[in-house]
Amino acid sequence: MERYNFKIIEAKWQKFWEKNEVFKTQLNKKKKKFYCLEMFPYPSGKIHMGHVRNYTIGDVLSRFKSLKGFNVLHPMGWDSFGMPAENAAKENKQDPKIWTENNIETMKNQLKQLGLSIDWNREISTCSEEYYKHQQKFFIEMFNKGLVYKKENYVNWDPVDQTVLANEQVIDGKGWRSGAVVERKKLSQWFFKISEFADELQNELDNLDEWPNKVKVMQQNWIGKSFGCEIDFDIVGDDKVKKIKCFTTRPDTLFGFSFLAISVDHPLSEFYRNDPNFIDFREKCSKSGTTEESIANAEKIGFKTNLLAINPLDKTLKVPVYFANFVLMDYGFGAVFGCPGHDQRDFDFAKKYKLEIKTVVKPLNEKDDFKVTNEAYPGPGVIINSKFLNGFNAPDESVIETIKILEEKKIGKKKINFRLKDWGVSRQRYWGCPIPIIYDENGSYKTVPEEQLPIKLPQNINLNTKGNPLSNTEEWRKIKVDGKTYYRETDTLDTFVDSSWYYLRFCSPKNKEEPFDNEEVKYWMPVDQYIGGVEHAILHLLYSRFFMRAISYQNNEFKLKEPFKGLFTQGMVCHETYKDQENNWRSPDEVTTKDGKNYFLKSDNSNKIFVGSSESMSKSKRNTIDPEKIINLYGADAVRFFILSDSPPEKDVQWSEQGMLSSYKFIQKLFVLNEKIKELNNQKKTVSSNELSKFINQYLNKIEKNLSNFHYNVIIANIYEAHSFLSQITKKNENYSNLITEYSKFLISILPVVPHLSSECLDKLKISTIDWPNVDEKFLIEENINIVVQFNGKKRGILSTKKDILEEDLVKEILKSKNFAKFLKENTIKKRFYVKNRLINFLI
RNA sequence: GCCCUCGUGGUGAAAUUGGUAGACACAAAGGACUUAAAAUCCUUGCCCUUUUGGGAGUGCCAGUUCGAGUCUGGCCGAGGGCACCA
């Protein structure tokens, strides 16, 4: 019997698919489209197991939809601008472009080895001029629409990467890539006005019903919509200051007002800039760290001014005004009114500076003389000690009532505030998309005239300079427009801009004039299924949602808002970690075991290895498995099969050598089964097997359901079961007249998972029409069924009987059966419950 | 501190959404084949009983129900997100 040689057969089919352009996609309005997209990779050098999992999941879906008759768009590209190329270039004195292109070449070959159904005709790379020239046009378009602006402000400065980071890119006070503690620095920066769409971005999350709830909640928190009001406080004590504006969500606690706090960056700080005590104070504020603990434990400190704020609801009450370290300038108006009784921060502050703590809300279950003592009470209740507000339910009624009063008195008005801030896109980097802006000698700026586009990155420049390499290229910086000399902007765009619209480019990747073709986009968009890691839950997905809105803003042609109809976030690939006696991380390749308990170093078996917890594969912990090695060892189908088998795709999966090996063996078994059936097929046909048709149809019914719900691990179990059934039935050595028909349905059903093997087997059996098989409903009906028999809710046995048996007949049958008689004894049946064709429960 | 998610064998996990808990796989133990090993195949899996059989059992405690892994309330534990957002 022939053995399955995956090396030859996988290469054969990959060549076949490529030569026949099987995955080439074209607009076809007669067919229903399906756009399946996985997050495109950064070309860092080689693919890793995370890619294998991500792209296998997408490929299973694409191939399934294709078999179901959809016109499937399944493209791939490269998120190829970014820091690693620049760093590698510095180290190896190699052009980032060449480094990137080499990596793309390698990774593309690796992806091809996986047998993915990708339309490589649509390949794009964000660092190519063909791509980023359109991005520059977008920038200008957005600039003209007022969605881009320049502003000097404090930025998150990454001292290692020497660049600015967006708020979203700072994690626990550290740079998301470098891990360096982020510093505050004042810089002039370009911003995208994402806040323009804050409300919409928040509201329309509700309509994304094919997104994981987790991601929607994360975005919701990030956008951070809050309802409240702004209040103007009259100020006395200095003629130069008349009013201070505050934002609050709890205006109803105004009678608990005992101080007003403003940020050290508040415009009023101007009046104190020469005051040495204030300078001292500001210094102290900036020193408090940005780490998790330091913020949580940071002491509330203040600097008392000579100003007093008047309570707008009772003008006789005046309270001091402080600069305080816990007030942020970039939220609200950089000023808050302090109500120590019902806000913990205000409480801490009041304790420290011995300010009055008034109780104006009492919890529902407390007496009327309730007093805040050890901590603030921010919860719901009833307003007290507040004159005309007394008795209102807080916060629902009381907030609305207070806003009404404030609006009537023209002291304040309803206001909705967002946590979301505009997206700073300037990066002091070489390897990114140049920003199409020019400055004249006076520093005033304008967008680059259309005919001067695109702005290409200069080549062969020195990257080993301090700061931004582009600012050191005198020649490149100068540009003549209408005979006048201008200087180019030297910052480049955040690479998240590149990935904010690539899904549109895939619709018409070859269009030279336009970033995309409207006809194509109308047909293909939105992406029906987007698949990627949950780490992009906020950054990339929010930016993309913004970008679609920015394009459709003031645009009659383009009306789409949500880029991704369905989102699926897959889990990570994990592996055990190993450390040797010297506490060094060791890779799985270096480690061996004989009994599964004691591990040793392969090269030195006196060196005991300590097995650590299983963690997501990472270079730093050296617990990675190289996909290319595994593919060479076991073949692409086996790897695809294994990566889907053990855990649901949304959860982390554990890499296991044993599991991988058994998947490989199973692939062989499937081939052996195919050989056996091929043999049987040469025999004389016998009658058809009802049992076979029944099994296959029920199997198809299950697998289709599981394919549609991403229950890919269950599919693998279904395939094992089907194989086991088919092996049993072929042992009878009968060429049933329905054998090939039914078996071929099985072969087609496994094509999305193991495309090479399936194609080969189908080919060997000379089956050429390959469509997803329809389930024949008549085989789903069981004539005989098992009914669970319970007495007092306890299972006492199973009764095999005819389907749709009448309840009375069933009861008769049970009562005359010896097996059940003993449970009855002399008891009488008080009541019974019958679930048709499933279960009967007697109460005795 | 606030928000979200999840707790099922030695392990990864299934379970028609309230109706046979543990499908399928990994690991383990025992057995068959073999001179032997590898490979392959079969069996077992908590407690009591020689077996037939019976009991307990889905983090813990209650509740709803004829019936709860699934629903409700409380507690415990793990993971993730946010971080002085007024």
Side-chain angles (χ1 to χ4, degrees), chain A residues 171-173 212-222 224-226 228 246-251 253 261 288 290-298 300 324-328 330-339 342-346 348-349 378 417-421 534-535 537-538 574 595-597 614 642 645-648 650-654 656-663 665-666 669 701-702 705-706 711 713-721 723-724 786-798 822 830-844:
Chain A
I171 295 147
D172 290 346
N213 199 46
K214 177 172 61 168
V215 174
K216 290 198 276 187
V217 169
M218 278 161 76
Q219 289 211 1
Q220 217 154 62
N221 292 340
W222 191 264
K225 183 178 184 172
S226 53
C246 293
F247 172 75
T248 177
T249 55
R250 292 300 299 274
T253 61
S288 62
T290 40
T291 63
E292 203 174 316
E293 292 116 298
S294 65
I295 289 170
N297 306 326
K300 310 268 176 291
N325 64 339
F326 64 92
V327 184
L328 306 170
D330 53 6
Y331 184 80
F333 303 99
V336 298
F337 88 76
C339 176
H342 307 283
D343 180 289
Q344 193 56 43
R345 290 158 304 182
D346 297 348
D348 296 340
F349 191 81
N417 234 336
F418 294 93
R419 218 186 69 112
L420 182 70
K421 292 175 191 88
V534 73
E535 66 272 19
I538 298 170
C574 301
D595 54 4
K597 280 176 201 152
S614 179
F642 172 70
S645 69
D646 267 9
S647 297
E650 69 275 13
K651 283 177 80 175
D652 287 355
V653 68
Q654 192 85 3
S656 123
E657 275 299 328
Q658 291 301 329
M660 184 59 244
L661 187 66
S662 83
S663 293
K665 286 178 186 164
F666 184 66
K669 283 190 203 169
N701 192 41
K702 277 192 270 187
K705 207 176 281 166
N706 290 326
H711 293 165
N713 55 325
V714 189
I715 286 175
I716 301 298
N718 296 149
I719 295 174
Y720 273 115
E721 279 171 328
H723 169 264
S724 157
N786 292 331
I787 286 181
V788 174
V789 182
Q790 294 184 337
F791 288 89
N792 284 341
K794 276 202 171 119
K795 179 185 148 196
R796 293 300 180 189
I798 290 165
K822 63 184 174 194
K830 288 185 192 136
K831 204 167 178 180
R832 64 169 194 260
F833 293 84
Y834 178 53
V835 185
K836 200 176 168 192
N837 294 329
R838 194 163 288 166
L839 174 144
I840 188 155
N841 185 10
F842 295 96
L843 298 192
I844 52 174

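In what follows, every chain begins at residue 1, and chains take the letters A, B, ... in the order their sequences are listed.
When the nearest nucleotides of RNA chain B are assigned to A:Lys831 and A:Lys665 by heavy-atom distance, the more 5′-ward of the two goes with A:Lys665. Map A:Val788 and A:Asp346 each onto its nearest nucleotide of RNA chain B; the residue landing nearer the 5' end is A:Val788.
At least one side-chain heavy atom of A:Ile840 sits under 4.5 Å from a side-chain heavy atom of A:Arg832. Taking the side chain as every heavy atom from C-beta outward, A:Asp343 and A:Phe337 never approach each other to under 4.5 Å.
Of all nucleotides listed (B:rC66, B:rC84, B:rC82), B:rC82 comes nearest to the side chain of A:Arg419. Among the nucleotides B:rU40, B:rA86, B:rG19, the one closest to any side-chain atom of A:Gln790 is B:rG19. In this structure, of B:rC84, B:rC82, B:rC66, it is B:rC84 that holds the atom nearest to the side chain of A:Asn325. Nearest to the side-chain atoms of A:Asn841 among the listed nucleotides B:rG19, B:rG12, B:rA39 stands B:rG19. Distances were taken from every side-chain heavy atom of A:Arg838 (C-beta onward) to each of B:rG55, B:rU20, B:rU16; the shortest belongs to B:rU16. Closest to the side chain of A:Val714, from the set B:rA25, B:rA14, B:rA86, is B:rA14. The nucleotide whose nearest atom lies closest to any side-chain atom of A:Lys651 is, among B:rA13, B:rU20, B:rC24, B:rA13. Comparing B:rA83, B:rC24, B:rA13 against the side chain of A:Trp222 picks out B:rA83 as the nearest. Set against B:rA86, B:rA13, B:rA23, the side chain of A:Pro648 has B:rA13 as its closest nucleotide. Of the candidates B:rA21, B:rA25, B:rU40, B:rA25 carries the atom nearest the A:Asp646 side chain, counting heavy atoms from C-beta on.
As judged by a 4.0 angstrom heavy-atom cut-off over every strand, A:Lys702 is placed among residues making no nucleic acid contact. Among the heavy atoms of the strands, none lies under 4.0 Å from A:Lys225. No engagement by A:Ser645 is indicated, since no non-hydrogen atom pair under 4.0 Å with the nucleic acid exists. The residue A:Leu843 sits close only to the backbone: its heavy atoms come under 4.0 Å of sugar-phosphate atoms, none of a base. Contact annotation for A:Ser662: backbone-only contact, meaning every heavy-atom pair under 4.0 Å involves sugar-phosphate atoms and none involves a base. Nucleic acid contact for A:Val327: base, since at least one base atom lies under 4.0 Å from a heavy atom of the residue. Within the nucleic acid shown, A:Lys830 has no heavy atom closer than 4.0 Å to any nucleic acid atom. Residue A:Lys794 is classed as a sugar-phosphate contact, given heavy-atom separations below 4.0 Å to backbone atoms only. At a threshold of 4.0 angstrom between heavy atoms, the contacts of A:Gln654 with the nucleic acid are absent.
For the atom pair OH (A:Tyr720) and NZ (A:Lys669), the distance works out to 7.5 Å, reported to the nearest 0.5 Å. Note that CD1 of A:Ile787 is 11.0 Å distant from CD1 of A:Ile798, once rounded to the nearest 0.5 Å. For the atom pair CH2 (A:Trp222) and CD1 (A:Ile538), the distance works out to 5.5 Å, reported to the nearest 0.5 Å. Annotation: the span from A:Asn841 atom CG to A:Tyr834 atom OH amounts to 13.5 Å, rounded to 0.5 Å. In this structure, the separation between CG on A:Asn718 and NE2 on A:His711 is 11.5 Å, given to the nearest 0.5 Å. Atom CG of A:Asn221 and atom CG of A:Leu420 lie 12.5 Å apart (nearest 0.5 Å).
Of the P atoms belonging to B:rC2 and B:rG67, the separation is 37 Å, rounded to the nearest Å. Distance check on atom P: B:rA13 versus B:rU20 gives 23 Å, rounded to whole Å. The C1' atoms of B:rC48 and B:rC41 are separated by 33 Å, rounded to the nearest whole Å. Spacing of C1' atoms, B:rC71 relative to B:rU17, comes out at 11 Å, to the nearest Å. Going from the C1' atom of B:rU44 to that of B:rA27 covers 14 Å, rounded to whole Å. Taking atom C1' in both B:rU16 and B:rG69, the straight-line distance is 15 Å, to the nearest Å. For the P atoms, the distance linking B:rA23 with B:rU43 amounts to 13 Å, nearest Å. Taking atom P on both B:rG7 and B:rU11, the two are 15 Å apart, rounded to the nearest angstrom.
Dashed line: the shortest gap from a side-chain N or O of A:Asn718 to OP1 or OP2 of B:rA23 is not under 4.0 Å. For A:Ser656 and B:rG12, the shortest distance from a side-chain N or O to OP1 or OP2 is not below 4.0 Å.
Whole-Å rounding puts the A:Glu721 CD to B:rA25 C1' distance at 11 Å. In this structure, A:Lys300 atom NZ and B:rA86 atom P are separated by 14 Å, rounded to whole Å. Straight-line distance from the CG atom of A:Asn713 to the C1' atom of B:rU11: 15 Å, rounded to whole Å. Separating the CG atom of A:Asn417 from the P atom of B:rA86 is a distance of 8 Å, rounded to the nearest angstrom. Rounding to whole angstrom units, NZ of residue A:Lys669 and C1' of B:rA25 are separated by 11 Å. Rounded to whole Å, the distance from CD1 on A:Ile715 to C1' on B:rA15 is 17 Å. One atom, CZ of A:Phe666, and another, P of B:rA25, lie 8 Å apart when rounded to the nearest Å. Regarding A:Phe842, its CZ atom lies at a distance of 14 Å from the C1' atom of B:rG67, rounded to whole Å.
A:Tyr720 does not qualify as a stacking partner of the B:rC24 base, lacking a centre-to-centre distance under 5.5 Å together with planes within 30°.
B:rG7 and B:rC76 make up a base pair, with Watson-Crick or G-U wobble contacts both under 3.5 Å. Across all strands shown, B:rU43 forms a Watson-Crick or G-U wobble pair with B:rA29, both key distances being under 3.5 Å. Pair assignment for B:rG1: B:rC82, on the basis of Watson-Crick or G-U wobble contacts that are both within less than 3.5 Å.
Glycosidic conformation, B:rG54: anti, with the torsion outside 90° of 0. For B:rU58, the base adopts the anti conformation, since its glycosidic angle falls more than 90 degrees from zero.
Closest approach of A:Asn706 and A:Ile715 over heavy atoms only: CB-CG1, 3.7 Å. Taking every heavy atom of both residues into account, A:Asn417 and A:Gly332 meet most closely at ND2-CA, 3.4 Å.
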Report, one pair per line, the protein and nucleotides 2-4 of chain B atoms (nitrogen or oxygen only) whose separation is under 3.5 Å.
none

Problem set entry | Chi angles and distances behind the side-chain contact (heavy atoms from CB on, under 4.5 Å) call for A:Leu839, A:Phe833 | CA-CA 8 Å; A:Leu839 174 144; A:Phe833 293 84; 5.9 Å; no
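Classified by interplanar angle (parallel below 30°, tilted 30° to 60°, perpendicular above 60°), the ring pair A:His723/A:Phe666 is perpendicular.
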